[in-house]
Amino acid sequence: MNKNELKSIAEGLIETFNIAGQESIELYAKGLKIEIKADNSPVSNGDLRCNELITKKILELTPNIPIVSEETVDLKIKNKNKIFWLIDPIDGTKEYIAGKNEYTLNAALIIDKVPSIGLVGAPKKRQLFYSYGLGESYIIENDKKVKNNCAKKTPKDEVIALSSTSHPSEEIMNILKKHNVTSVVKMSSSYKFCAIANGEFDIYAAKERAHEWDYAAGHAVAEHAGAIIKTLDGKSYDYGKENYKNHSILMRRARNLND
């Protein structure tokens, strides 16, 4: 696909993401119906409704491309696709259920191991991030579209890291220290990628965790904004593994985190 085709598909999903995000808020206000999945993680009717809306629109836009969603995937079947969608209709379900604002709606188009399109909606923050190629990463907020470019918004003498946990492991802390990190902030969901894409934070490091649908959309948004994303041992970060498991990750806003 060329950039114009990717642009058309990405922008074709914006309205659906806005609708699904608003429905997630309304369903929470009514009182969520929650079930526990086989892996002991919760799922709500909000997750399922967002999945339904996003999947339906993707099928309209790209009827011949397979869709892999967290809520419908059969992990017993190995992934063999070279081009496919990854959907996490609500990443941060526990935060969603708790009424917090960091949960996100996610969809990414993977082409030859690379996230070529990414959409991340943050309904309670009234933000939508989307991207479709290098230099083409955007945030829509208050009906205004602004390009993401990873420009530093933190103080010049500070390097602020993000973490999925309140107490990162010693291994992760040692990596962060090598990058002169001055403080660590806990943040849930794929919103971490977006917060680095728009320059609000500087770095994120984590050992192997979660699945590809948790990272792919945010990865596209951040990398297309200029972020550098590798594994902890410096290898390229790819998608399309047979078991959908994530690599370890080191995401930096820039090579020099003080720039």
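Given the structure is predicted, the values throughout are model-derived calculations rather than measurements.
Connection of Ile54 to Ile140 is established within a shared hydrophobic cluster, with ILVMFWY side chains joined at heavy-atom distances below 4.5 Å, either directly or through further cluster members. Linking Ile, Leu, Val, Met, Phe, Trp and Tyr whenever their side-chain heavy atoms come within less than 4.5 Å puts Leu119 and Leu105 in one cluster. Leu257 and Tyr204 are not part of a single hydrophobic cluster, where members link through side-chain heavy atoms under 4.5 Å apart. Tracing side-chain contacts under 4.5 Å through hydrophobic residues (I, L, V, M, F, W, Y), one never reaches Met251 starting from Ile175; they form parts of separate clusters. Ile139 and Leu134 sit in two unconnected hydrophobic clusters of ILVMFWY residues. Membership requires side-chain heavy atoms under 4.5 Å apart, directly or through other members.
Residues passing the ring-ring contact (aromatic ring centres under 6.0 Å, His included) test with Phe201: none are found, sequence neighbours excluded. For Leu59, the side-chain contact (heavy atoms from CB on, under 4.5 Å) partners two or more places apart in sequence, or in a different chain, are Thr55, Ile67. Not counting sequence neighbours, the partners of Lys82 by the side-chain contact (heavy atoms from CB on, under 4.5 Å) test are Asp112. For Tyr237, the side-chain contact (heavy atoms from CB on, under 4.5 Å) test picks out Tyr215, His219, Ile229, Thr231, Tyr239, Asn246, His247, Ile249, with sequence neighbours left out. Scored by the ring-ring contact (aromatic ring centres under 6.0 Å, His included) test, Trp85 finds no partners at all (sequence neighbours excluded). Remark: Asp39 engages Lys37, Ser41 in a side-chain contact (heavy atoms from CB on, under 4.5 Å) (not counting sequence neighbours). Looking at residues two or more places apart in sequence or on another chain, you find a side-chain hydrogen bond (donor to acceptor under 3.5 Å, both in side chains) between Glu212 and Lys241.
In plain terms, the two heavy atoms of Ala217 and Ala107 that are nearest each other are CB-O, 3.4 Å. The minimum heavy-atom distance between Ala216 and Pro115, with the atom names listed, is O-CB, 3.6 Å. Contact between Pro89 and Asn51 at its shortest, heavy atoms only, is CB-N, 3.5 Å. When all heavy atoms of Leu32 and Gly46 are compared, the closest pair comes out as CD2-N, 4.3 Å. A pairwise comparison of heavy atoms in Asn4 and Asn2 identifies N-OD1, 3.1 Å as the closest pair. Of all heavy-atom pairs between Cys50 and Ala20, the closest is SG-O, 3.5 Å.
Paired with Leu109 under the rule side chain to side chain contact (heavy atoms under 4.5 Å, CB included), one option of Ile65, Leu13, Val114 passes, and it is Ile65.
Atom CD1 of residue Ile83 and atom CE of residue Met1 lie 6.0 Å apart, to the nearest 0.5 angstrom. In this structure, CD1 in Ile117 is found 8.0 Å from OG1 in Thr62, a value given to the nearest 0.5 Å. A distance of 7.0 Å separates CG in Leu128 from CZ in Phe17, rounded to the nearest 0.5 Å. Here the CG-CG distance, from Asp157 to Asn258, works out to 7.5 Å after rounding to the nearest 0.5 Å. Here the CG atom belonging to Asp214 is positioned 5.0 Å from the CG atom belonging to Asp88, to the nearest 0.5 angstrom. With rounding to the nearest 0.5 angstrom, the OG atom of Ser163 is 8.0 Å from the CD1 atom of Ile172.
Taking the six-membered ring for Trp and thresholds of 30 and 60 degrees, Tyr96 and Tyr28 have ring planes inclined between 30 and 60 degrees apart.
With Ser69 contributing its side chain and Glu71 its backbone, the two residues share a donor-acceptor pair below 3.5 Å. Proximity of a side-chain donor or acceptor of Arg252 to a complementary backbone N or O of Ile228 within less than 3.5 Å is not detected. A side-chain donor-acceptor contact under 3.5 Å links Asn79 to the backbone of Asn81.
At a threshold of 4.0 Å, the pair Lys7-Glu11 counts as salt-bridged, since one of the basic side-chain nitrogens sits closer than that to a carboxylate oxygen. Ionic pairing of Lys152 and Asp259 is not present here: no N-O contact between side-chain nitrogen and carboxylate oxygen is shorter than 4.0 angstrom.
The side-chain heavy atoms of Ile34 and Asn45, taken from C-beta on, include no pair separated by under 4.5 Å. Taking 4.5 Å as the limit, every side-chain heavy atom of Val68 sits out of range of all side-chain heavy atoms of Ile87. Put simply, the side chain of Pro42 reaches to within 4.5 Å of the side chain of Lys94, judged on heavy atoms. Side-chain contact between Ile14 and Tyr130: present, with at least one pair of heavy atoms (C-beta onward) separated by less than 4.5 Å. Using a 4.5 Å heavy-atom threshold, the side chains of Ile97 and Tyr103 count as separate.
Atom NZ of Lys153 has more than 12 heavy atoms from other residues, nucleotides or ligands within 6.0 Å.
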Show me, pair by pair, the donor-acceptor contacts under 3.5 angstrom made by side chains of residues 142-149, not counting sequence neighbours?
{"from": "Lys147", "atom 1": "NZ", "to": "Gly135", "atom 2": "O", "distance (Å)": "3.0"}
{"from": "Asn148", "atom 1": "ND2", "to": "Ser137", "atom 2": "OG", "distance (Å)": "3.1"}
{"from": "Asn148", "atom 1": "ND2", "to": "Tyr138", "atom 2": "O", "distance (Å)": "3.2"}
{"from": "Asn149", "atom 1": "OD1", "to": "Ala151", "atom 2": "N", "distance (Å)": "3.0"}

In a table with atom names and distances, give each donor-acceptor pair under 3.5 Å that connects a side chain of residues 181-197 to protein atoms at least two apart or in another chain.
{"from": "Thr182", "atom 1": "OG1", "to": "Val159", "atom 2": "N", "distance (Å)": "3.1"}
{"from": "Thr182", "atom 1": "OG1", "to": "Val159", "atom 2": "O", "distance (Å)": "3.1"}
{"from": "Ser188", "atom 1": "OG", "to": "Glu95", "atom 2": "OE2", "distance (Å)": "3.0"}
{"from": "Ser189", "atom 1": "OG", "to": "Glu102", "atom 2": "O", "distance (Å)": "2.4"}
{"from": "Ser189", "atom 1": "OG", "to": "Tyr191", "atom 2": "N", "distance (Å)": "3.2"}
{"from": "Ser190", "atom 1": "OG", "to": "Thr104", "atom 2": "OG1", "distance (Å)": "2.7"}
{"from": "Ser190", "atom 1": "OG", "to": "Asn106", "atom 2": "OD1", "distance (Å)": "2.6"}
{"from": "Tyr191", "atom 1": "OH", "to": "Gln127", "atom 2": "OE1", "distance (Å)": "2.5"}
{"from": "Lys192", "atom 1": "NZ", "to": "Ser164", "atom 2": "OG", "distance (Å)": "3.3"}
{"from": "Lys192", "atom 1": "NZ", "to": "Met187", "atom 2": "O", "distance (Å)": "3.4"}
{"from": "Lys192", "atom 1": "NZ", "to": "Ser189", "atom 2": "O", "distance (Å)": "2.8"}

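Counting only residues at least two apart or in different chains, salt bridge (charged side-chain N to carboxylate O under 4.0 Å, His left out) contacts with residues 128-137 comprise Lys3-Glu136. Residue pairs meeting the side-chain hydrogen bond (donor to acceptor under 3.5 Å, both in side chains) criterion with at least one member in residues 169-179: none, sequence neighbours excluded.
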(message) Before you tell me yes or no, could you show the steps for Ile203 and Leu176 under side-chain contact (heavy atoms from CB on, under 4.5 Å), namely the whole-Å CA-CA distance, both residues' side-chain angles and the distance that decides it to 0.1 Å?
(response) CA-CA 8 Å; Ile203 186 171; Leu176 296 179; 4.2 Å; yes
(request) Under the side-chain contact (heavy atoms from CB on, under 4.5 Å) rule, what do Trp213 and Val73 come out as? Steps first, then yes or no, please. (result) CA-CA 11 Å; Trp213 46 77; Val73 66; 3.7 Å; yes
(request) Test side-chain contact (heavy atoms from CB on, under 4.5 Å) on Lys245 and Glu208 and set out the steps. (result) CA-CA 8 Å; Lys245 290 286 190 178; Glu208 295 84 353; over 6 Å; no
(request) Decide yes or no on side-chain contact (heavy atoms from CB on, under 4.5 Å) for Leu75 and His211, but give the supporting numbers first. (result) CA-CA 11 Å; Leu75 291 174; His211 289 86; 4.3 Å; yes
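Side-chain contacts under 4.5 Å among hydrophobic residues (ILVMFWY), followed directly or transitively, place Ile19 together with Leu53.
Defined by atom type and a distance below 3.5 Å, a donor-acceptor pair is present between the side-chain atoms of Thr154 and Asp202.
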